[in-house]
Amino acid sequence: PTFRVAFDPELGETIATGMGELHLDIYAQRLEREYKAKCVLGKPKVSFRETLINPCSFDYWHKKQSGGRGEYARVIGTVEPLPPEENTKLIFVDKTTGTNVPKSYIPAIERGFRKCYEKGPLAEQRVSGVLITLKDGDSHSVDSSDWAFEQAAFQAGLDTYTYDWAMLEPIMTVEVNAPQEYQGSVLAGLTKRNAIFLGTDSNEGYFTSYCEVPLNMMFGYSTELRTQTQGQGEFTMEYSKYCPASEETMRQLTESTNTDNKDTQEKKRKRN
């Protein structure tokens, strides 16, 4: 009952969850021993986000004419970053007036932006923490359609990728409890994982440390804590917020994405 398997469509991975790394290691060994199904264990992916640093504007004209009915749509507006407390949201606002953009096309425009922002410009992570404001545009009585406006919005979103973007990563609130004699080594280990300490309590020979640590830095910590405290330490963590990622994390993520894309292209080329 404590071992669960589910597919995560955002990460594109099948995720197995259990009570800890030791629990999952034992299940991996059992799968290989009892079912001859060898598992390749790796570091799980983290749901990073990408966000815009400064406000920008867009004005995209989508026109296609090749005999018969054409395609025509124009969208004008702005994209700006939301406050830090709303950096997990993607908000679309329609501020158009008049009949330049008929209201029936607004859902298609929103859909186009949301499709575009499923993959950001830095490492193809989902875009969040931005406000998209549609202010004006243009349409044609014959050539305009939902498809044309969706394409215009999608391309307008791509145009905003030429501006400055940043990476956001999930931050966890971590609580570590261990005997006081191991406090120095435990705190040093957390510092190496880029922890920001919020406070420490002591009680009856044990200490409890409260801190915030990037989720990307917490993998393998249960094994490390057991080693540091001779099996007497324990910790809990829960999601707190998204914050800007470090330069090193951004560099590693970008390089990893580029490598994955090259591997995918190579496989396609061989297949063809």
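Counting begins at 1 with the first residue of the sequence.
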Output yes when a side-chain donor or acceptor of [X] lies under 3.5 Å from a complementary backbone atom of [Y], and no otherwise.
{"X": "Ser144", "Y": "Tyr72", "result": "yes"}
{"X": "Thr191", "Y": "Leu187", "result": "yes"}
{"X": "Thr249", "Y": "Ala245", "result": "no"}
{"X": "Glu50", "Y": "Gln125", "result": "yes"}
{"X": "Asp159", "Y": "Ala156", "result": "no"}
{"X": "Ser139", "Y": "Asn100", "result": "yes"}
{"X": "Asn87", "Y": "Tyr242", "result": "yes"}

Taking all heavy atoms of [X] and all of [Y], pick out the closest pair and write down the distance.
{"X": "Val93", "Y": "Ile91", "answer": "CG2-CG2, 3.9 Å"}
{"X": "Ala152", "Y": "Ala73", "answer": "CB-CB, 4.0 Å"}
{"X": "Leu168", "Y": "Ser128", "answer": "CD1-OG, 4.2 Å"}
{"X": "Ser104", "Y": "Asp146", "answer": "O-OD1, 3.8 Å"}
{"X": "Glu224", "Y": "Gly189", "answer": "OE2-CA, 3.7 Å"}
{"X": "Ser240", "Y": "Thr173", "answer": "CB-OG1, 3.3 Å"}

Mind checking whether [X] and [Y] have side chains closer than 4.5 Å, heavy atoms only?
{"X": "Ile132", "Y": "Glu110", "result": "no"}
{"X": "Trp165", "Y": "Val127", "result": "yes"}
{"X": "Val46", "Y": "Phe219", "result": "yes"}
{"X": "Pro84", "Y": "Glu86", "result": "no"}
{"X": "Thr133", "Y": "Glu80", "result": "yes"}
{"X": "Val186", "Y": "Phe207", "result": "yes"}
{"X": "Thr78", "Y": "Lys135", "result": "yes"}
{"X": "Ile76", "Y": "Tyr60", "result": "no"}

Quick one: do [X] and [Y] end up in the same hydrophobic cluster if we chain Ile, Leu, Val, Met, Phe, Trp and Tyr together by side-chain heavy atoms under 4.5 Å apart?
{"X": "Met217", "Y": "Phe197", "answer": "yes"}
{"X": "Val213", "Y": "Met237", "answer": "yes"}
{"X": "Met172", "Y": "Tyr221", "answer": "yes"}
{"X": "Leu225", "Y": "Leu24", "answer": "no"}
{"X": "Trp147", "Y": "Leu158", "answer": "no"}

Do Asp201 and Tyr210 have side-chain N/O donor and acceptor atoms under 3.5 Å apart?
yes
Among side-chain atoms of Thr96 and Tyr105, is any donor-acceptor pair under 3.5 angstrom?
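There is no such pair between these side chains.
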Between atom [atom1] of [X] and atom [atom2] of [Y], what is the distance when rounded to the nearest 0.5 Å?
{"X": "Glu169", "Y": "Leu253", "atom1": "CD", "atom2": "CG", "answer": "9.5 Å"}
{"X": "Asp94", "Y": "Leu134", "atom1": "CG", "atom2": "CG", "answer": "5.5 Å"}
{"X": "Leu52", "Y": "Tyr117", "atom1": "CG", "atom2": "OH", "answer": "7.0 Å"}
{"X": "Glu71", "Y": "Lys64", "atom1": "CD", "atom2": "NZ", "answer": "5.5 Å"}
{"X": "Phe48", "Y": "Asn216", "atom1": "CZ", "atom2": "CG", "answer": "4.0 Å"}
{"X": "Met19", "Y": "Thr17", "atom1": "CE", "atom2": "OG1", "answer": "11.0 Å"}

How about CG on Leu31, more than 12 heavy atoms from neighbouring residues, nucleotides or ligands closer than 6.0 Å, or not?
yes
Within the supplied structure, the quantity of interest is the number of heavy atoms (other residues, nucleotides, ligands) at a distance under 6.0 Å from Glu247 CD; does it exceed 12?
no
Can you check side-chain hydrogen bond (donor to acceptor under 3.5 Å, both in side chains) on Asn177 and Thr208, steps first, answer last?
CA-CA 4 Å; Asn177 184 266; Thr208 303; 2.8 Å; yes
Sorted by first residue and then second, give each ring-ring contact (aromatic ring centres under 6.0 Å, His included) pair with at least one member in residues 10-30; sequence neighbours left out.
Phe3-Tyr27, His23-Tyr27
Of all residues at least two apart in sequence or in a different chain, which pass the ring-ring contact (aromatic ring centres under 6.0 Å, His included) check with Phe113?
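So Phe113 forms a ring-ring contact (aromatic ring centres under 6.0 Å, His included) with Phe58.
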Which of these, Arg111, Arg114, Gln155, sits in a side chain to side chain donor-acceptor pair (under 3.5 Å) with Glu150?
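Result: among Arg111, Arg114, Gln155, Arg111 is the only option passing the side chain to side chain donor-acceptor pair (under 3.5 Å) with Glu150.
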Might you work through the salt bridge (charged side-chain N to carboxylate O under 4.0 Å, His left out) test for Arg74 and Asp136, ending with a clear yes or no?
CA-CA 8 Å; Arg74 185 184 183 187; Asp136 202 358; over 6 Å; no
Would Glu212 and Lys241 count as a salt bridge (charged side-chain N to carboxylate O under 4.0 Å, His left out) if you check the C-alpha gap in whole Å, the side-chain angles of each, and the deciding distance to 0.1 Å?
CA-CA 10 Å; Glu212 291 182 342; Lys241 58 192 174 187; 3.5 Å; yes
Any pair counted as side-chain hydrogen bond (donor to acceptor under 3.5 Å, both in side chains), so long as it reaches residues 32-41, sequence neighbours left out
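The answer is Arg30-Glu34.
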Could you walk me through whether Ser57 and Tyr163 pass the side-chain hydrogen bond (donor to acceptor under 3.5 Å, both in side chains) check?
CA-CA 10 Å; Ser57 58; Tyr163 295 88; 4.9 Å; no
Ser202 and Gln180: CA distance, side-chain angles, deciding distance, side-chain hydrogen bond (donor to acceptor under 3.5 Å, both in side chains) verdict:
CA-CA 8 Å; Ser202 298; Gln180 282 186 333; 3.0 Å; yes
Give the C-alpha distance, both sets of side-chain angles, the deciding distance and a yes or no for side chain to side chain contact (heavy atoms under 4.5 Å, CB included) between Phe149 and Val101.
CA-CA 9 Å; Phe149 271 101; Val101 181; 4.1 Å; yes
